[in-house]
Peer 1: 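Once you've had a glance at the structure underneath, I'll fire off some questions.
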Amino acid sequence: MKNVLLYYNFSYPLGGGDILPLTFASWLHSRCNLTLAVDSEAGFRRALEAFGVPLDTERIKVAPLLPDGLGSRLHNSYWSFRRSTRLKRLAAKADICISAANVIDFGRPAHHFINMLSGVDHAFTAHSGIIRPKTSVKRFLVDEVIRPIVGMRSKKRIFADGRERFYSNSRYVHDRLTAFYGDFHDTIFYPPTTYEPEDSGETPPRDPMRVICLGRISPQKRITDIIDIVERSRALSGKDIKLTVAGPCGNGEYATRIKQIVEARAWITLVDGVFGRAKDDLLRSGRFAVHARRDEEFGIAVTEYLKAGLIPVVPDEGGSCEVVDRPELSYSTNEDAAAKLARLVSDSAFSETMQRHCQSRALEFSRGKFEERQNAILEKILV
């Protein structure tokens, strides 16, 4: 059996990104000698318990790279170097190295699964991806002077190495990485989406005028744009369209602003996060969804809308329009989005056509389809 090294950090708050390394480990641990390298062993145990992925931990070796409790805020260059050194020692004993956390220098050719552009390079936190001159000087010193001295490769050098293999989680991510680093060996690999509607035997009644927005109440989610779109659509259609926004609110400035907007509009309902059955009931209580984040790598929330039987209206950039894959449901401006939502609520024949398309797209992101893609990719890697 081959020796496989799989890396993922597990050091951030519990999130959907934790599922990919767990499902990889579940498939791999019966087919190879698997070492799972993690930044936080406690984070790994927490994720394993939360997501219930079948994994016999007695059959794998869990190798913590950093002290538990370090946290992302305390992470610095020293800890990066220490992690890199330990990871390379493990990689030297492995036949195959896989990173489920973006691009990692194993000191040898490896397989890198991309989940967040900003995790590849901080330059991607700016939508343009343009690096200012002062930053360019710092990058040059770090990438071309400091890193070679301590035996670490820059991301640019890893991408330029034709022996490395990459797996972007959307065509959008592939295009942005190619524009930044040039051509590299890449395969599009959509991540797992865990939500599946509950089979309770009864489908709750849908409100044909309800729009759903699910996600954290933060500027990144552009909730104010979603409210503006629905408000414009109400005026265009003359219909009593209602909006339900569900997500952890917090007490920050943006959350306070959203609460004030909601208080002034009787047609908006704000729910402070929903989970489990409550989330399922909410998603299946409406007819439409509006998404507004434009630089999203993939768009897991959009796949949830599709699976729940909603018709989502999404930006025409980022990964979400790739998930929906229908120009009639993607928009360039708020005015454009409002017009498309107004048509959906007013034109039943058009709405039914879009519904059938969304049902078809939902099948592409089912658990079964993901397992087919995962098994094919991992089998190819193990050869």
Side-chain angles (χ1 to χ4, degrees), residues 13 15-16 116-118 124-128 172 207 209-275 279 282-283 285-306 308 310-324 328-346:
M116 291 183 65
L117 284 167
S118 61
F124 289 109
T125 57
H127 183 63
S128 64
Y172 165 74
D207 184 337
M209 290 295 137
R210 174 174 285 180
V211 175
I212 305 294
C213 167
L214 193 65
R216 185 177 292 105
I217 310 302
S218 66
Q220 188 181 46
K221 300 296 184 181
R222 303 175 75 131
I223 307 299
T224 51
D225 280 342
I226 293 173
I227 293 172
D228 179 59
I229 288 166
V230 176
E231 192 159 44
R232 289 173 182 270
S233 187
R234 284 170 59 87
L236 283 171
S237 66
K239 305 285 188 180
D240 184 22
I241 306 172
K242 295 176 284 292
L243 171 65
T244 298
V245 179
C249 294
N251 297 309
E253 181 180 338
Y254 188 79
T256 300
R257 181 183 172 195
I258 294 299
K259 290 173 184 176
Q260 291 172 344
I261 294 174
V262 170
E263 288 174 359
R265 292 161 175 78
W267 47 270
I268 306 178
T269 301
L270 182 62
V271 182
D272 190 11
V274 287
F275 306 94
K279 173 182 173 179
L282 175 64
L283 284 171
S285 70
R287 176 72 165 153
F288 309 101
V290 176
H291 196 69
R293 184 179 166 192
R294 292 181 170 273
D295 60 348
E296 196 157 34
E297 288 87 350
F298 176 63
I300 287 178
V302 179
T303 68
E304 294 181 338
Y305 297 148
L306 293 172
L310 297 169
I311 304 174
V313 179
V314 303
D316 60 0
E317 55 186 316
S320 58
C321 63
E322 188 174 329
V323 171
V324 173
E328 295 95 327
L329 299 177
S330 60
Y331 63 88
S332 56
T333 64
N334 287 3
E335 293 85 353
D336 183 24
K340 289 181 174 179
L341 179 58
R343 183 183 179 190
L344 283 168
V345 301
S346 304

Peer 1: Once you round to the nearest 0.5 Å, how far does CH2 of W267 lie from CG of L243?
Peer 2: 6.0 Å
Peer 1: Without swapping roles, check the side chain of S233 against the backbone of A342 for a donor-acceptor pair under 3.5 Å.
Peer 2: yes
Peer 1: Using 4.0 Å as the upper bound for N to carboxylate O, is an ion pair formed by K340 and E328?
Peer 2: no
Peer 1: Between V245 and I217, does a side chain to side chain contact (heavy atoms under 4.5 Å, CB included) hold up when you go through it step by step?
Peer 2: CA-CA 9 Å; V245 179; I217 310 302; 3.5 Å; yes
Peer 1: Going by side-chain contact (heavy atoms from CB on, under 4.5 Å), name the residues that satisfy it together with V274, two or more places apart in sequence or in a different chain.
Peer 2: L214, A246, V271, A278, K279, L282
Peer 1: Report yes or no: does Y254 contribute a side-chain atom to a donor-acceptor pair with the main-chain N or O of I223 at less than 3.5 Å?
Peer 2: yes
Peer 1: Could you check whether any side-chain N or O of D228 sits under 3.5 Å from a backbone N or O of T224, counting only pairs where one atom can act as donor and the other as acceptor?
Peer 2: no
Peer 1: Side-chain contact, heavy-atom cut-off 4.5 Å: L329 with L344?
Peer 2: yes
Peer 1: Examine distances only and state if a side-chain atom of R343 and a backbone atom of A338 form a donor-acceptor pair shorter than 3.5 Å.
Peer 2: no
Peer 1: How many angstroms lie between CD in E296 and SG in C321, if you round to the nearest 0.5 Å?
Peer 2: 11.0 Å
Peer 1: For S330 and P315, work out which heavy atoms get closest and say how close.
Peer 2: CB-O, 4.0 Å
Peer 1: Determine yes or no for a side-chain-to-main-chain donor-acceptor pair under 3.5 angstrom, with R222 supplying the side chain and R293 the backbone.
Peer 2: no
Peer 1: Before you tell me yes or no, could you show the steps for M209 and R287 under side chain to side chain contact (heavy atoms under 4.5 Å, CB included), namely the whole-Å CA-CA distance, both residues' side-chain angles and the distance that decides it to 0.1 Å?
Peer 2: CA-CA 7 Å; M209 290 295 137; R287 176 72 165 153; over 6 Å; no
Peer 1: Can you give me the closest heavy-atom contact between K221 and R216, atom names plus distance?
Peer 2: CG-O, 3.1 Å
Peer 1: Taking all heavy atoms of A292 and all of Y331, pick out the closest pair and write down the distance.
Peer 2: CA-OH, 3.4 Å
Peer 1: Roughly how far apart are Y172 OH and E317 CD, rounded to 0.5 Å?
Peer 2: 7.0 Å
Peer 1: Less than 4.0 angstrom from a charged side-chain N to a carboxylate O is my criterion; do D207 and K242 meet it?
Peer 2: yes
Peer 1: When rounded to the nearest 0.5 angstrom, what is the spacing between NE2 in H291 and CD in E304?
Peer 2: 10.5 Å
Peer 1: What closest approach, in Å, do G299 and V323 show between heavy atoms, and which atom pair accounts for it?
Peer 2: O-CG2, 4.3 Å
Peer 1: Side chain of T303, backbone of I300: donor and acceptor closer than 3.5 Å?
Peer 2: yes
Peer 1: Do any pairs count as a salt bridge (Lys or Arg N to Asp or Glu O under 4.0 Å) and have a residue in residues 252-274, sequence neighbours left out, and if so which ones?
Peer 2: E231-R265
Peer 1: Can you tell me how far the CD1 atom of I268 sits from the CD1 atom of I241, to the nearest 0.5 Å?
Peer 2: 12.0 Å
Peer 1: Among D225, I227, I226, V230, exactly one meets side-chain contact (heavy atoms from CB on, under 4.5 Å) together with N334. Which residue is that?
Peer 2: D225
Peer 1: For the CG atom of L341 and the OG atom of S237, what is their distance to the nearest 0.5 Å?
Peer 2: 7.5 Å
Peer 1: Taking L117's backbone N and O only, do any of them form a donor-acceptor pair with E297's side chain (distance below 3.5 Å, no angle check)?
Peer 2: yes
Peer 1: Given L310, which of V302, I212, V290 fulfils the side-chain contact (heavy atoms from CB on, under 4.5 Å) condition?
Peer 2: I212
